[in-house]
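Right, one structure below, let's go through it.
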Amino acid sequence: MQPLYRALQEIQDFTLLAVKSISNLFKTPRYFQDTFQQMDAIGVSSLSIIILTGFFTGGVLALQSSKSLQSFGAVNLTGQLVALSLIRELGPVLTALMIAGRVGSGIASELGSMIVTEQIDAMRALGTDPTKKLVTPRMVACTTMVPLLTVMADLFGLIGGWIVAFYTLRLNTNLYWSTALRSIEYIDALEGLLKPIVFGFIVGMIGCYFGLRTTGGTRGVGESTTQAVVFASITVIVCDFFLSKIILELRF
């Protein structure tokens, strides 16, 4: 029963931290400069990685689906397949996983290092709330920037699919883009933006949580960083299933 109690304790602590970080949005002082700095570190610095991920994902989708579509005589639906696969599923999930690996680990290691070097204890001694100063700006930055990065991943994924479809499948450019854009409905766009908001919140909060519970010196920092990436990735995939199920129920 001990592992069960430990797991319940972890869930409780994480929930309390998440609730506190959200409630900080309605309290002063508000650290806008820290939030903008985190947005720059999370969004702008991750842009090249997200663009590459989206571009080659779209290209692979078009390339791998070409044989199946040709066997059914439906090569003209390549744009629709790439667009729906990216916007509904692959764009949000792959973006969140890349952010979990790049940003989630960075948040956990940064806060873990501050714990080990007693900087957070010094902040408390000076009357500064570490949750308001450190956690809330990172949570807001992740929740805000992951949807924007997902849009970029979707856009460049469509471009990657178009390049493969044009040069490999000899598909007409107008046909590709018209089928891709006409296949996207309002509920698809909503799903493609709702998921990244949830995923961004998950990645930011899990990175902060494991960073703040770091113990054991520099070795503990490494363990917290690894745990943050693993748990954030697993949680993103699990939440993706339930969000997809809910949206499918609303769709029909």
Check: What heavy-atom pair brings T78 and A62 nearest, and what distance separates the two atoms?
Finding: CG2-CB, 4.0 Å

Check: Looking at residues at least two apart in the chain, or sitting in another chain, which of them share a salt bridge (charged side-chain N to carboxylate O under 4.0 Å, His left out) with K245?
Finding: E249

Margin query: So which atom in A18 and which in M205 form the shortest heavy-atom distance, rounded to 0.1 Å?
Written below: CA-CE, 3.5 Å

Check: Rounded to the nearest 0.5 Å, how far does CZ of F241 lie from CD1 of I246?
Finding: 10.0 Å

Notebook entry, point to check: Would you say the side chain of P137 lies within less than 4.5 Å of the side chain of K132, judging by non-hydrogen atoms?
Noted result: no

Notebook entry, point to check: Going only through I, L, V, M, F, W and Y residues with side-chain contacts under 4.5 Å, is there a path from L8 to V19?
Noted result: no

Notebook entry, point to check: Among pairs that include at least one residue of residues 29-42, which meet salt bridge (Lys or Arg N to Asp or Glu O under 4.0 Å), considering only residues two or more places apart or in two chains?
Noted result: D34-K133

Check: Around atom CZ of F56, are there more than 12 heavy atoms of other residues, nucleotides or ligands at under 6.0 Å?
Finding: no

Checklist line | Ring-ring centroid check Y176 F166, cutoff 6.0 Å | finding: no

Item checked: Linked, directly or transitively: V82 and L155 (ILVMFWY side chains, under 4.5 Å) -> yes

Next item on the list: Inspect the surroundings of CD in Q33 and state if more than 12 heavy atoms from other residues, nucleotides or ligands are less than 6.0 Å away.
Entry: no

Next item on the list: Verify the cluster assignment for L52 and V44: are they in a single hydrophobic cluster under the rule of side-chain heavy atoms below 4.5 Å apart?
Entry: no

Note to self: Once rounded to the nearest 0.5 Å, what's the spacing between atom CD1 of I234 and atom SG of C239?
What the structure shows: 11.5 Å

Item checked: Candidate pair M139 and I22, rule side chain to side chain contact (heavy atoms under 4.5 Å, CB included), full reasoning -> CA-CA 9 Å; M139 180 271 291; I22 294 173; 4.2 Å; yes

Next item on the list: Walk me through it: do T173 and W162 pass the test side chain to side chain contact (heavy atoms under 4.5 Å, CB included)?
Entry: CA-CA 7 Å; T173 297; W162 164 66; 3.1 Å; yes

Next item on the list: Measure the OG1-CD1 distance between T144 and I42 for me, rounded to the nearest 0.5 Å.
Entry: 9.0 Å

Note to self: When you compare the side chain of S224 with that of T215, does any pair of heavy atoms fall below 4.5 Å?
What the structure shows: no

Next item on the list: Please tell me if the side chains of T214 and L111 come closer than 4.5 Å, counting only heavy atoms from C-beta onward.
Entry: no

Item checked: Among T53, L90, L149, the one residue meeting side-chain contact (heavy atoms from CB on, under 4.5 Å) with T95 -> L149

Item checked: Rounded distance [0.5 Å steps], CG in L81 versus CG in L61 -> 6.5 Å

Check: Can you hop from V93 to V229 via hydrophobic side chains spaced under 4.5 Å?
Finding: no

Checklist line | Spatial distance of atom CG (L84) from atom CD (E185) [nearest 0.5 Å] | finding: 8.0 Å

When the side chains of residues 193-202 are checked against the rest of the protein, which donor-acceptor pairs come out under 3.5 Å, sequence neighbours left out?
unit_1: K195; atom_1: NZ; unit_2: R88; atom_2: O; d: 3.1
unit_1: K195; atom_1: NZ; unit_2: E89; atom_2: OE1; d: 3.1
unit_1: K195; atom_1: NZ; unit_2: E191; atom_2: OE2; d: 3.2
unit_1: K195; atom_1: NZ; unit_2: D240; atom_2: OD1; d: 2.9
unit_1: K195; atom_1: NZ; unit_2: S244; atom_2: OG; d: 2.7

Margin query: Is the shortest side-chain heavy-atom distance between V146 and V203 below 4.5 Å?
Written below: no

Notebook entry, point to check: Tell me, do Q80 and R182 make a side-chain contact under 4.5 Å, heavy atoms counted?
Noted result: no

Checklist line | Pair E110 + R138, salt bridge at N-O below 4.0 Å | finding: yes

Check: Would a 4.5 Å heavy-atom cut-off, applied to side chains only, mark I107 and F210 as touching?
Finding: no

Notebook entry, point to check: In terms of hydrophobic clustering (I, L, V, M, F, W, Y; side-chain heavy atoms under 4.5 Å; direct or indirect links), are L171 and I159 co-clustered?
Noted result: yes

Note to self: If you define the side chain from C-beta out and look only at heavy atoms, does anything of I120 sit under 4.5 Å from L212?
What the structure shows: yes

Item checked: Partner residues of F55 under the ring pair (Phe, Tyr, Trp, His ring centres under 6.0 Å) criterion, sequence neighbours left out -> none

Notebook entry, point to check: Could you walk me through whether M145 and S46 pass the side chain to side chain contact (heavy atoms under 4.5 Å, CB included) check?
Noted result: CA-CA 10 Å; M145 298 310 296; S46 302; over 6 Å; no

Notebook entry, point to check: Roughly how far apart are L94 CG and L86 CG, rounded to 0.5 Å?
Noted result: 8.5 Å

Next item on the list: Check A83 against A180 and note the closest heavy-atom contact, atom names and distance.
Entry: CB-O, 3.7 Å

Check: For V140, does its backbone N or O pair with a side-chain atom of T143 as donor and acceptor, under 3.5 Å?
Finding: no

Margin query: For G157, is there any backbone N or O sitting under 3.5 Å from a side-chain donor or acceptor partner on T57?
Written below: no

Checklist line | Shortest non-hydrogen separation from V103 to C142 and the atoms involved | finding: CG1-SG, 4.2 Å

Next item on the list: Provide the closest heavy-atom pair for V236 versus A96 in the form atom of the first, atom of the second, distance.
Entry: CG1-CB, 3.8 Å

Next item on the list: Test T15 against Q12 for side chain to side chain contact (heavy atoms under 4.5 Å, CB included), laying out the working first.
Entry: CA-CA 5 Å; T15 303; Q12 175 182 293; 5.8 Å; no

Margin query: How close do G106 and S109 get, counting heavy atoms only, and between which atoms?
Written below: O-OG, 3.0 Å

Check: Pairs in or reaching into residues 201-212: which pass side-chain hydrogen bond (donor to acceptor under 3.5 Å, both in side chains), with residues at least two apart or in two chains?
Finding: E10-Y209

Check: Do D13 and Q9 come within less than 4.5 Å of each other through their side chains, counting heavy atoms only?
Finding: yes

Margin query: If the condition is salt bridge (charged side-chain N to carboxylate O under 4.0 Å, His left out), which residues does R124 pass it with, not counting sequence neighbours?
Written below: D121

